[in-house]
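Lettering of chains follows the sequences in order, A, B, ..., and the numbering in each one begins at 1.
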There are 2 protein chains.
Amino acid sequence: MDPAAGRREPTMRDVAALAKVSTKTVSRVINGLPGAGAEVVQRVRDAARTLGYRPNLTASALRRSDRRSATIGVLFEDLSNPFDAALLRAVEDRARHSGVLVLAGSSEDDHALQRELLVSLSARRVDGVVVMAAGGHQDALQHERQRGTPMVLVDRPPTFGGTDCVTTTNRDSSRDAVLHLAALGHRDIAFLGDRRTLWTSQERYTGYLEGLAQAGLTLRDALVRTDLHGEDLAADATAALFGLDRPPTALFTAQNLVTVGAMRVLRERGLHHRVAVIGFDDFPLADMLDPGITVVRQDVPGIGRKAADLVLARIDGDTSPPVHAVVPAALVRRGSGEIAPS
Amino acid sequence: MDPAAGRREPTMRDVAALAKVSTKTVSRVINGLPGAGAEVVQRVRDAARTLGYRPNLTASALRRSDRRSATIGVLFEDLSNPFDAALLRAVEDRARHSGVLVLAGSSEDDHALQRELLVSLSARRVDGVVVMAAGGHQDALQHERQRGTPMVLVDRPPTFGGTDCVTTTNRDSSRDAVLHLAALGHRDIAFLGDRRTLWTSQERYTGYLEGLAQAGLTLRDALVRTDLHGEDLAADATAALFGLDRPPTALFTAQNLVTVGAMRVLRERGLHHRVAVIGFDDFPLADMLDPGITVVRQDVPGIGRKAADLVLARIDGDTSPPVHAVVPAALVRRGSGEIAPS
DNA sequence: TCTGGTTACGTCAACGTTGACGTAGGAGTT
DNA sequence: AACTCCTACGTCAACGTTGACGTAACCAGA
C-alpha cells in the first residue's frame, strides 16, 4: 500500500522523456498554453496520466514571475469557537472559488503565538492573510503589513493605517439593543462584557452608553461588569449583580459566552422569565432555550466573504485606498429580550 | 504602507553580499548548522536583520532531500460544524507543536469536491493528510493513498486497506445508550439516523440493534428512520413517529443535528418531559435545555490529537502496521435520557 | 523567388535554497 | 618535516518549473 518507499514523484522531465518532447512543451500542455499541436498534446496527456504526474505548484511558484502560491493564511483566535469556525468556512469557500487554499491557525489571543504563526505563514510565502488581531498592541501585524503582505483584519480594526478591515455594527447594534430594552420600561440595564482590551468590547460598551443616554437613563457603575473572559467569570459577575440592593431588571451581555454564563445563573435562580436578556452574537440553540434568547446576530458569512474578497483583490493588485467594511448585524427577537420589568 | 510596490523579497544572496560571505554560509547560519565562526555568524545575523530577510521554506523544501513542506492537509466535511471545528483545532494544535501548519478544506461530503481538494493539496506537496471521508466510495482517497501520501482517516474508516484511522466507540456506545433506556422500562425506542451511506450511521444503527436484542426488545421497523440529513428532515421524521398508533416512549437520535430537530418537535408538542431522548454527539448548550439532553459524548480533542500523532509519525517514517485507533465515548446523563415511560 | 509572418516546437538560464565536495590553514602526531 | 585530522569556509550543481529567446518549417503575397 505504500509504494512510495524509495520511489520518486514523477516530474515534467519524466513526462517529457516518455512523450518524446521537451519539458517546456510539457509545461505548455499542462498549463493549457498555446504552441503545442493536437497530436503532441495528446501524447503528453497520455504520458502524464501513465506516470501519474502531478504538477508541483511550489516549484512553479518559485519560478513564475508573479510568484503566487495560491494560498492565503487565516489567523483567528480559536478555530474551535463557532464564530471563528463559521468565519473560516466563509473565507475558505470564497477562496476556493478562486483556486486559493487556506492555511489556518489559532492565535489564542496571544501575541507571541500570533507572531510565530505569522512568521510560519510568511516562510511558506502565502499570498495574503486574514487576521483576527490579538488584543492590545499589533506590532507584529503592522510589521508584516509593512513588508507588503496583503492583509485584512476581521472583527477588530487595525491600530495602524493602510490596512483593510471588516467589522460589524458593534456600536449601533448595541445601542439599539439597549433602546429595545428601555422601550419596554427597563431602567436598570446591566452591561456584561468581555475583556476590555478587545476593540469589540469597547465598541459595544460605547453603544450601551449611547443607548442609556438616548433613553435618558442613568448609568449605574455597579451594573457594569467587564473583563469577563469565559462562561464562569460571566456567571460569577451575574450572580454578584443579583446580590445588589437594586438589581438589574435587564442584562445586555456583550459576547456569546457571557450570554451563556449569565443565562446559567438566571436559570439556577429561577429568574430567566423575569429578567430580560439581550446578547451580542448569536449561538446555536439560542432559540431552543426557555425563553429563546434575543440576540444581536452578526452576518458571519457576509463578513467572511467580504474579508476574502478584499484580500483576494489586493493580491490581484488592487491598490485603491484601504477600506473599513461594516457588515450590519440584526436584532433577532426570541423572547428573552421582550420581558418587561416586573 | 505598501512598500512592496516594485520591491523584491531579500534572499540569501542579498544577505550573503551584505555580510561578505557565500550563500552557503548564510544557509548554515540560518539553519544553525556548524561550520561558521562566531564572528561570521554575527555578521550574517546582522545582515539578515538589516534586510528583513525571511527564509523561503518552499525553495528550501524543493532542494532538500527530505522535501518536507512542514504542512499537512485537513479535509473535513464542513469546517463550520462544531464537531469538525473542534477536530481541526485539536489537529492544528498538535501539528503546530511539531512546526507543522495546516491547510484546511471542507469537502461538503461531495466526492468531486473532495477529489479536487485532494489534488490541490497534493499540488502544494503537503506531507500528509487527515481526512473525513465523504460517504460512499473512496476511490480518490485510495488513489491518493496509493501514491504514497501519508493519510489518516477520522470519524469514518477506510474501505481500503493499509491506512490508519481514528474513530469512536460508535457501536458500543449506541448499544449502551439503548440499554440505558431499556433499563428504565422503555420498550418502544425509536432510532433516528443520518444518511445511511455514512459508516457512523450504520455502526450506530447496529449498536441500536444490539441494544434491543440484548434487552430482549422487539425491533419495530416503524420506529426506525434514517437518511435524516439536517434538522428539518429529523423534525419531520419525529413528527411522523408521533402519528403512529403506538408511538415511541424514547428516542435514540444518532447525530447531533438529528437530536436538535427531534427536540424541537418534542417541545412544540409538549412532549419533552414525557419522551426520553439520548443523542449521539454532544453539542453546546445541551445542558441548558429543559430537560438537559443526555448524550453520548465523543472525545473530540482526543480523536484529533491521535489522528495528528499518527500522520506525523508516518511522515517521520513510521512503517509499523496500520492502526485503527478507537477513542472511547461516554454517556453524559443530563435528564432527557432518564425519563421513564409513562 | 524572396520577404514577412505564423506556428510548433526546442534551448538555456534562473527562481531561492542546499547536498556534495573542494580547499586553505592551523593543530597535533610521529 | 611530513603526515593526518579538523575547522571554517567556498564552489558548483541541482531540486521542478517557466520566461526569454531561438529556430525550422510552412504559408501568403508580391
Side-chain angles (χ1 to χ4, degrees), chain A residues 7-45 47-48 51-71 119 122-127 147, chain B residues 7-45 47-48 51-71 119 122-127 147:
Chain A
R7 266 226 339 241
R8 213 172 41 81
E9 281 269 305
T11 72
M12 276 194 174
R13 209 184 331 269
D14 302 319
V15 176
L18 184 59
K20 302 199 190 309
V21 295
S22 71
T23 59
K24 181 69 229 206
T25 296
V26 176
S27 172
R28 279 191 268 254
V29 173
I30 297 295
N31 293 95
L33 297 174
E39 199 243 351
V40 166
V41 166
Q42 200 50 54
R43 279 218 315 277
V44 170
R45 292 229 174 98
L51 296 175
Y53 170 75
R54 294 273 183 91
N56 184 329
L57 191 69
T58 66
S60 166
L62 182 61
R63 172 64 237 227
R64 282 192 330 265
S65 39
D66 64 9
R67 208 135 309 180
R68 298 280 170 74
S69 61
T71 306
V119 169
S122 126
R124 287 165 180 78
R125 294 299 189 266
V126 294
D127 301 329
R147 297 175 60 85
Chain B
R7 264 231 334 249
R8 214 172 42 80
E9 281 270 304
T11 72
M12 277 196 173
R13 210 186 330 271
D14 302 319
V15 176
L18 184 58
K20 301 200 193 307
V21 294
S22 71
T23 59
K24 179 72 227 204
T25 296
V26 176
S27 172
R28 280 190 267 255
V29 172
I30 297 295
N31 293 95
L33 297 173
E39 197 244 351
V40 166
V41 167
Q42 199 51 54
R43 276 217 317 275
V44 171
R45 292 230 174 97
L51 296 175
Y53 170 76
R54 295 271 183 93
N56 183 330
L57 191 68
T58 67
S60 166
L62 182 61
R63 171 66 240 229
R64 282 191 330 264
S65 38
D66 64 11
R67 209 139 305 184
R68 299 279 171 72
S69 61
T71 306
V119 169
S122 129
R124 286 163 181 79
R125 293 299 189 268
V126 294
D127 301 329
R147 297 175 62 86

Against the side chain of A:R63, the closest entry in C:dT17, C:dG19, D:dG19 is D:dG19

Any non-hydrogen side-chain atom of B:V15 less than 4.5 Å from a side-chain atom of B:V29? no

Starting from P on D:dT18, measure out to CG on B:L62 and report it in whole angstrom. 12 Å

Can you check whether A:S27 has a side-chain N or O nearer than 4.0 Å to OP1 or OP2 of D:dT17? no

In whole Å, I'd like the distance from the CZ atom of B:R13 to the P atom of C:dT18. 13 Å

Closest heavy-atom pair, B:R68 versus B:A61, reported as atoms and distance to 0.1 Å, is O-CB, 3.2 Å

Could you tell me whether the phosphate oxygens of C:dT18, OP1 or OP2, come under 4.0 Å of any side-chain nitrogen or oxygen in B:S60? yes

What string of B, S and - do you get for nucleotides 5-10 of chain D, 5' to 3', if B is base contact, S is sugar-phosphate-only contact and - is no contact with any protein heavy atom under 4.0 Å? ---SBB

Without decimals, in angstroms, what is the distance between A:R125 CZ and C:dG16 C1'? 9 Å

What's the closest nucleotide to the B:R67 side chain, out of D:dG16, C:dG16, D:dT17? D:dG16

Determine whether A:R124 and A:T71 make a side-chain contact, defined as any pair of heavy atoms from C-beta on separated by less than 4.5 Å. no

Rounded distance in Å - CG (A:N31) to P (D:dT17): 10 Å

Heavy-atom side-chain proximity of A:R67 to B:E9 below 4.5 angstrom: no

So B:D14 and B:L18, do their side chains get closer than 4.5 Å, heavy atoms only? no

Distance in angstrom units between A:E9 CD and D:dC15 C1', rounded: 13 Å

Taking atom P of C:dT17 as reference, at what distance in whole Å does atom CG of B:D66 sit? 16 Å

Starting at atom CD of A:Q42, determine the distance to atom C1' of C:dA8, rounded to an integer number of angstrom. 17 Å

Could you tell me the separation between the CG atom of A:L33 and the P atom of D:dG19, rounded to a whole number of Å? 8 Å

Picking from C:dT18, C:dC15, D:dC15, the nucleotide nearest the side-chain atoms of B:R64 would be C:dT18

So side chain to side chain donor-acceptor pair (under 3.5 Å) across residues 24-33 of chain A, not counting sequence neighbours, yields A:S22-A:T25

After noting the C-alpha distance and the side-chain angles of A:R54 and B:S122, does the key distance pass the side-chain hydrogen bond (donor to acceptor under 3.5 Å, both in side chains) rule? CA-CA 8 Å; A:R54 294 273 183 91; B:S122 129; 2.6 Å; yes

